[in-house]
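In what follows, a structure is listed as structure tokens, so that the remarks can point back to it.
Letters A, B, ... mirror the listed sequences (proteins, then strands); counts begin at 1.
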Amino acid sequence: MGAAYIEQVHDVTRLVPAGRVTTYGAIADFLTLGSARMVGWALFNSIRADDIPAHRVVNRRGELSGRNHFATPGLMQEKLEAEGVVVQDDRVRDFDRLFWSPTELLHQ
DNA sequence: TCACTGACAAGGG
DNA sequence: ACCCTTGCCAGTG
């Protein structure tokens with residue numbers, strides 16, 4: 001996995017609407033390349049890029065598993081709450097309702 | 001080369 | 001809904 005793969009993950013992440021969340025696995029499925037772990041790895045390589053809404057990517061249970069990789073431990077939650085997403089115990093409330101899959105782009 | 005570690009996930013119990 | 005196992009695969013030492 002190289003720079004091209006990282007760019008693809010970043011591009012998909014940018015498509016996640018504000019106030020919605022997606023998962024590592026959903027992005028991996030959409031790309032049909034790499035794995036959920038690789039998506040996490042690609043996002044880790046996005047720390048410096050402020051224009052990537054990495055806070056909208058959570059694990060399959062809606063947990064903020066990436067929170068410790070943001071500038072501050074609370075930043076991921078703060079960004080989500082600024083978009084109206086309620087976080088409770090490091091987990092997105094109403095995750096099923098807020099989940100957004102990139103495959104929805106194909107159903108338009 | 002080997003072993004271990006993760007921003008993970010699916011399936012069973 | 002939780003716990004455990006298995007599969008996953010790039011980095012790291």
Side-chain angles (χ1 to χ4, degrees):
Chain A
M1 295 301 169
Y5 174 75
I6 294 174
E7 282 307 311
Q8 288 185 70
V9 172
H10 291 184
D11 289 344
V12 177
T13 302
R14 274 189 268 260
L15 300 176
V16 184
R20 305 292 298 279
V21 293
T22 191
T23 66
Y24 303 95
I27 294 175
D29 286 346
F30 180 74
L31 294 178
T32 62
L33 178 64
S35 66
R37 282 202 183 282
M38 293 305 95
V39 172
W41 170 77
L43 288 179
F44 177 77
N45 282 278
S46 76
I47 291 175
R48 296 184 177 183
D50 298 343
D51 60 325
I52 301 171
H55 60 283
R56 296 177 192 150
V57 186
V58 299
N59 74 10
R60 72 164 170 164
R61 299 171 48 185
E63 296 168 331
L64 313 197
S65 48
R67 65 189 179 283
N68 293 330
H69 296 272
F70 285 76
T72 66
L75 185 58
M76 185 177 189
Q77 176 168 341
E78 290 165 16
K79 287 189 171 186
L80 285 169
E81 289 175 335
E83 299 175 353
V85 177
V86 178
V87 178
Q88 198 169 28
D89 297 327
D90 291 325
R91 196 165 178 167
V92 172
R93 186 139 61 96
D94 295 326
F95 170 67
D96 291 342
R97 185 173 59 83
L98 297 181
F99 173 71
W100 178 89
S101 172
T103 58
E104 290 185 21
L105 297 171
L106 308 175
H107 300 174
Q108 297 176 14

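Listed candidates were B:dA7, B:dG11, C:dA10. Nearest to the side chain of A:Met38 is C:dA10. Nearest to the side chain of A:Trp41, among C:dG11, B:dA7, C:dC9, sits C:dG11. Closest to the side chain of A:Leu43, out of C:dC9, B:dA9, B:dA7, is B:dA7. Nearest nucleotide to the A:Ser35 side chain, out of B:dA9, C:dC8, B:dA7: C:dC8.
Atom pair A:Ile52:CD1 and B:dA7:P shows a separation of 17 Å (rounding to whole Å applied). Distance, A:Ile27 CD1 to C:dC9 C1': 17 Å, rounded to whole Å. Straight-line distance from the CG atom of A:Asn45 to the P atom of B:dG6: 16 Å, rounded to whole Å. Atom CG in A:Leu80 sits about 18 Å away from atom P in B:dA7, given to the nearest Å. Summarising the geometry, the separation between CD1 on A:Ile6 and C1' on C:dG11 is reported as 12 Å, rounded to the nearest angstrom. Following rounding to the nearest Å, A:Phe95 (CZ) and C:dA1 (P) show an atom-to-atom distance of 11 Å. A straight line from CG of A:Leu64 to P of B:dA7 spans 14 Å, rounded to a whole angstrom. Rounded to an integer number of Å, the gap from A:Met1 CE to C:dA10 C1' is 9 Å.
Contact annotation: A:Arg61 does not reach the phosphate of B:dA9 (side-chain N/O to OP1 or OP2, under 4.0 Å). For the OP1/OP2 pair of C:dC2 and a distance below 4.0 Å, the side-chain nitrogens and oxygens of A:Arg91 include at least one atom meeting the criterion.
Taken to the nearest 0.5 Å, the CG atom of A:Leu15 stands 9.5 Å off from the CD1 atom of A:Ile27.
Contact annotation for A:Ala54: base contact, defined as any heavy-atom pair under 4.0 Å involving a base atom. Contacts of A:Arg67 with the nucleic acid, taken as non-hydrogen atoms under 4.0 Å apart, are absent.
A:Trp41 and A:Tyr5 have parallel rings, their planes meeting at less than 30° on a 0 to 90° scale where 60° marks the start of perpendicular.
Across every non-hydrogen atom of A:Ala28 and A:Ser35, the tightest pair is CB-C, 3.6 Å. Residue A:Thr13 comes nearest to A:Pro53 through the heavy atom pair O-CG, 3.4 Å, listed as atom of the first residue, atom of the second, then distance.
Comparing C:dT6 with B:dA7, their P atoms sit 22 Å apart, to the nearest whole Å.
By the 6.0 Å contact criterion, CG on A:Asp89 is open, its count of non-hydrogen atoms from other residues, nucleotides or ligands being 12 or less.
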